[in-house]
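These figures come from a predicted structure and were not determined experimentally. Labels below follow one simple rule: chain letters A, B, ... track the order of the sequence lines, proteins then strands, and each chain is numbered from 1.
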Amino acid sequence: MIKAILIFNNHGKPRLIRFYEYFAEDLQQQIIRETFHLVSKRDDNVCNFLEGGSLIGGSDYKLIYRHYATLYFVFCVDSSESELGILDLIQVFVETLDKCFENVCELDLIFHMDKVHFILQEVVMGGMVLETNMNEIVGQVELQNRMEKSEGGFSAAPARAVSAVKNMNLPEMPRNINIGDINIKVPSLSPF
Amino acid sequence: MSDVVEKTLSALPSLLSLDSQAGAGKLSPSSKLGNLIKGITELTSKHEEEKLIKKELAAIKEQVASPNTSMRQMKEIMVRAIYCEMLGYQASFSYIHAIKLAQQGSVLEKRVGYLAVSLFLNETDEFLLLLVNTVLKDLQSTNLIDVCMALTVVSQVFPRDMIPAILPVVEEKLTHPKEIIRRKAVLALYKFYLIAPNQVQHIHSKFRKALCDKDPGVMAASLHIYLQLIKESPESYKDLTVSMVTILGQVVGGKLPMDFNYHSIPAPWLQIQLLRILAYLGKEDQGTSELMYDVLEDSLRRAEMNHNMTYAILFECVKTIFTVHPKAQLLEKAAECIGNFVLSPKINLKYLGLKALTYVVQQDANLALPHQMTIIECLDHSDIIIKRETLELLFRITNAQNVTVIVEKMLEFLRMTSDDYSTIDLVGKTMNSVFSLGGDVMQPDIPNNFLRLLADGVDSVEDRRMRLFAVDSYVSLLQGETAQLPQRFLQVISWVLGEYSHLREEQDSGTIMRLLARLLDQRNTSTETRSWVLGAMTKLCSNPVSVALARDVCERYSGSLNTVLRQRAQELMILSQDTELRARVLPAEGRLEHLEVDSSLSFLDGYVSEALAAGAAPYKSPHQRQEDLAQEKALTLEPYGLSLPVSLSSCSVTDRLTDGLSPTLLSMSSGLSGNGTELSHGGGSTTLKLDGVKRVWGKEGYLAQQQSVEDAPTPPVQLPSPLLSPQRPPSQTQTPEPDQEKQQLASSLFVGLGSHNSVCLMGRAEPAPQHFRRKPRGGSSGASERSSDSSHSSRSAAVDNLLLSNLLDSTTVASEGGATTTTPQQTSQRTLDHTTSNGSPHVEGKEEGVAAGGSLSLIRGMVAVVLPTHTETDPQSDLHPAPHPAPALERPGDLPLTSHLPAELSGLARSELTPLCSDQDPSLALSACRVYKEDALVVLVFIVNNTNSTLHQMALQLTCKELEISCISGSPLKEVKGHSVSVCLHTVVMKRASVQVELAGLLSYQRPLGQPQAAQFSLSLSLKHFIRPLTVSTGEYGKMWLSFSHDLKQNLRLVTTEHQEPLTATLDALKSKLHLHIVDIIGSEGIVACRLLQGEGHGQPCLLHCRVHANTLAVWLRSPVPELPDSLLYHCQKALTET
């Protein structure tokens, strides 16, 4: 089972936090800090698996993470999950984000935290892998988005803001990093 | 902050404000989130962030409370609240509004409401009760999205007690026409099963229906449930095996719609799930396992594309194959697969490969053998996770033979990463198993290093945790059966409990005292261990219960025959009665003050010279005394050798003679040692005797801990590095390839895994320098190790010290104690000691003073008495069987068998052929021959088949616990044809020096149409077969001499011939018989060096210093190995007697 999904940036600022098991508020924050501490000191060329930290479950638990440009995607799972399976699940999740946001970047995650949550809900439900097919996930999300469009909503505005930022011609703006067929851009809002 | 980011940030507000203008007039909600984020971005400190969020929360609070806030605004407010919560700021006031939003909002608002609820609340929250009705309503809604949302929130967070209220509705959804709903319903039910298993028991049949659902997605979801159910009780679901196998077969066979493909792999996650289920089903069940062999093979075969996901499937497949009832053919393929993982350059796969290996070596340790080199490389991998996994793997293959090396590696790893959670776990279990497994065969420095590790370091949380872990696990160990635990482990346990049991709050020291007392009562507890235990008790006796217990123990042991125990008991007695004193002696803090040990006992010089001046007999070493007794001569009062070969490096022996300086002076710290006496032999003799004094109570074990203090500098671990080079034969003095070192490591790590072929896999053992596991450590680390050794005794030193002054102060205590130690000599020694220790009153110096004082007083009374407890091998009284015929260096006319010698050995010196057990079966003749290789002894066994028929299933096994034997014959011996000869080659080196060892052999074979037969034989090998010359220069010899600690002196017979000097003749005789190297002969002295083949390829040096003295040859042997001088001396003696 998946215990928790944490997304934070290179500075340890949380971008999305989802626990599938109850942890008290302050413990959650500690787990985020500890996980960031564990993950951030690792090079990019080492393996993507970590034996669990002390807070979240101990030795039965593993941290499986991927690092995309400015963001770390960390899945904390127990021994009943396959390491490589989860690793590719992260890829599926990120690819889906990329498809939904059209070149996803950190800003998208900040301004559309709720949307990201909804996408995640279609991938993982209550700690169990629900769907691994990207098209299915996107289909579900779009179904919901259509309703949103019809209602019109706040999130339209920041979306425009973000795409405006994306299109600004800044010198090294689209510092695309190719990970598979995924590009996550790097307009980092750095240390906050 | 980079330019880019700054520009981005400065661009943001304008963009956002643009938006809010577009939002026409009223405050755009989006800009609020934007502003919040922007605000946070601009902050520089955590404190400011806190201030801003507080402000934000206050604003949110105000807004949510306002009746004018629309649901739509509420939705936006919720997102902000979620954001704040994510950053770790409580927004509890908004929880109720989140529920309200879920209850009352339109679909999209509801969605945010549900999300907020699932993020904010947990199962026990009472707010959730308010949600039950809403959920129920949504579940029954006709809107798909409503139902989906409700199912999602139910699986995320739902009060356990309320499950029955919605269960029927969720069950109903299992038959919903939409597959996504069915799928979510299955997962929701699984979640219910996890939190309240009894409530969903009645719907198992519905799970089965889900498993057979026409939509593979629903089926996949139901596998979550079955994985859990089958894991819990595989027996009840055996009937599902066929279905699972069929499903997997179809998936693997590509029968699923293309939609389920991921990178053209059919439903990989589904496959993984199924493989896991099969593993649970087939575990320890041959019948069930047989059903799945085909499909397992199929998926192993089909998974060949080069994608992460195929590896994930392969990994699962391999694990399943090794879990279910074994099938050789599959195992082979799986092992091959593991090989691919381990060898993969992709680090993730390597990790999984190691993990798989860790898993499979539990069944067959030999599987690790083909990957030895990779594993060794992984040990030095830059990724700590890989390293850790490798150690975990090593931990699994630990056996009595490789335990030392593995533990060294573990400790090395620990020293690097002591701040990691995982290490504590690993180390704890490893050290425990290691100690109980190999406790008594370990070198003493391993437990010492471990204790040091525990004691070391600042008082961080991790250190505390690790100590606590140790205390906890040891207490539970002691509560169990303790008779089987090795002594060394018991010592470690006592020390740890003594030092750290105060960390364990709930445990009163009385319980631990009782546990320790039980140890004392055990019959097989050694004296040394007992004194450790008493030491621990001394630290623990703080409350009345323990004091009473301590008194009991004291009464029993203060009458002990062993002086150490008596002293410890005495200490315990006094300290347990006087709490104030105890607090002074054993302060709770500062347990680790660094202490230095003056092992040369230089502070005793004054005392010794005084005693000598007063007419005391000079001290003689036990060997000398023994020898004197044996020869029944009058006491030789002339002290032995002031002409020591120490300084050979710098000047000639004769020079040294006239100098009259002590060779050990170089290592002495006290200025007194050189000039303290007026006796005829000057300072040299004094220090020599001191050397002996130290040995007496070391060997006899007067003070066990103190012995360990003393021994600490002596193990070869701390040999200075220059000594390493002369040990190697000159041909190999070039720096060894790292590869060689790794191979070396590999063979020592994997020893004992394969029955007798472990080293074959590695190829020939290369002669490598011995220091792979004796890394030359810097002086500082050497010193610190020593201090760890003494960490136990240092405290007892303090005890001694204070105790003694106490004793001196109050004669009543002393007399009451009936103490073992208060003799006049000692008192004088004490005062002396204070004055002689160069004004720096080291505590440990005093400790030794006490002990040595005690022993001195003993010595005075019994100059030449051989103690009955003296256990050292007396070479002369040793009744060994007659050794083998001397190795003939000339080659006699051998049997034609010698023509079967392998070419590479033909040029080397070898022994005659010895027939073995020819009587058992006349048609089979066995004979053996030894070939003296530079780096090993090769034992050849010739198997001659005298019949016409072929011998089948030949297997030869050589065993001897003192030897390290490895088979090097190129082709494994399987059969021997009629009238032919087969040769088996084994390289043999000694594990520890012993005079003579018996090699037991067992040859099993089968004649055609016959029963399997076996022939047993034995072959005795003596130490001299393992001795090789050590080519060193005089200078190197001098350096080595100083650094070796185990020594032995004896007078030997001189060989006299007509045309040679007696010395030269004798040394030549020794050289030819024992393969020694004569380094130099100067006048009446000669120095000789040799090495003992020990371990893999490297040797242990032994140096001999010979001096002609009154028609005998006075030989002084020194070596870093304790047993070597003794055994070698025996052979020298024998060799000379035979001449």
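Within the model, atoms CD of E179(B) and CD of E136(A) stand 6.0 Å from one another, a figure rounded to the nearest 0.5 Å. The CE atom of M309(B) sits 6.0 Å away from atom OG of S82(A), with the distance rounded to the nearest 0.5 Å. Here M128(A) contributes atom CE and Q228(B) contributes atom CD; the two are 10.0 Å apart, rounded to the nearest 0.5 Å. Annotation: the span from M86(B) atom CE to I110(A) atom CD1 amounts to 8.0 Å, rounded to 0.5 Å.
Side-chain atoms of W269(B) never come within 3.5 Å of backbone atoms of T132(A) as a donor-acceptor pair (strictly under, hydrogens ignored). Side-chain N or O atoms of Q156(B) include one that pairs as donor or acceptor with a backbone N or O of F19(A) at under 3.5 Å. Distance alone, capped at 3.5 Å, is enough to place a donor-acceptor pair between the N348(B) side chain and the N48(A) backbone. H224(B) places no side-chain N or O within donor-acceptor distance of the main-chain N or O of L130(A), the cut-off being under 3.5 Å. Panel note: side chain E83(A), backbone A312(B); no donor-acceptor pair is recorded below 3.5 Å.
In terms of non-hydrogen atom pairs under 4.5 Å with chain B, the most contact-rich of V129(A), I32(A), N135(A) is V129(A). Comparing F118(A), Y22(A), Y20(A) by how many heavy-atom pairs each has under 4.5 Å with chain B, the most go to F118(A). Comparing Q121(A), M134(A), E131(A) by heavy-atom pairs within less than 4.5 Å of chain B, the highest count is held by E131(A). The greatest number of non-hydrogen atom pairs below 4.5 Å with chain A, out of I272(B), L115(B), T152(B), is found for L115(B).
By the 6.0 Å contact criterion, NZ on K178(B) is open, its count of non-hydrogen atoms from other residues, nucleotides or ligands being 12 or less.
Of the two parts of I313(B), neither the backbone nor the side chain holds a non-hydrogen atom closer than 4.5 Å to a non-hydrogen atom of chain A. With a 4.5 angstrom heavy-atom cutoff, L194(B) touches chain A only via side-chain atoms. When heavy atoms are compared at a cutoff of 4.5 Å, L270(B) does not approach chain A at all. Only the side chain of Q29(A) has a heavy atom closer than 4.5 Å to any heavy atom of chain B.
A 4.5 Å side-chain heavy-atom check between K191(B) and M125(A) finds every atom pair outside the cut-off. Residues C47(A) and K350(B) are not in side-chain contact: their nearest non-hydrogen atoms beyond the backbone lie 4.5 Å or more apart. Between I17(A) and E85(B), the closest side-chain pair of non-hydrogen atoms is not below 4.5 Å. Taking the side chain as every heavy atom from C-beta outward, L84(A) and L349(B) approach each other to under 4.5 Å.
Using a 3.5 Å distance cut-off with no hydrogens or angles, the side chains of D259(B) and N133(A) do not pair a donor with an acceptor. At a cut-off of 3.5 Å, with distance as the only test, no side-chain donor of R276(B) or S80(A) sits close to an acceptor on the other residue.
For Y83(B) against M113(A), the heavy-atom pair with the smallest separation is N-CE, 3.7 Å.
Annotation: ring-ring contact (aromatic ring centres under 6.0 Å, His included) contacts of Y351(B) (sequence neighbours excluded): F49(A).
Salt bridge K184(B)/E122(A): present, at least one basic N to carboxylate O contact under 4.0 Å.
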Would you check, one step at a time, whether the test side chain to side chain contact (heavy atoms under 4.5 Å, CB included) holds for H117(A) with L119(B)? CA-CA 10 Å; H117(A) 268 293; L119(B) 286 170; 3.6 Å; yes
Carefully, step by step, assess Y262(B) and Q91(A) under the rule side chain to side chain contact (heavy atoms under 4.5 Å, CB included). CA-CA 11 Å; Y262(B) 174 76; Q91(A) 180 77 13; 4.2 Å; yes
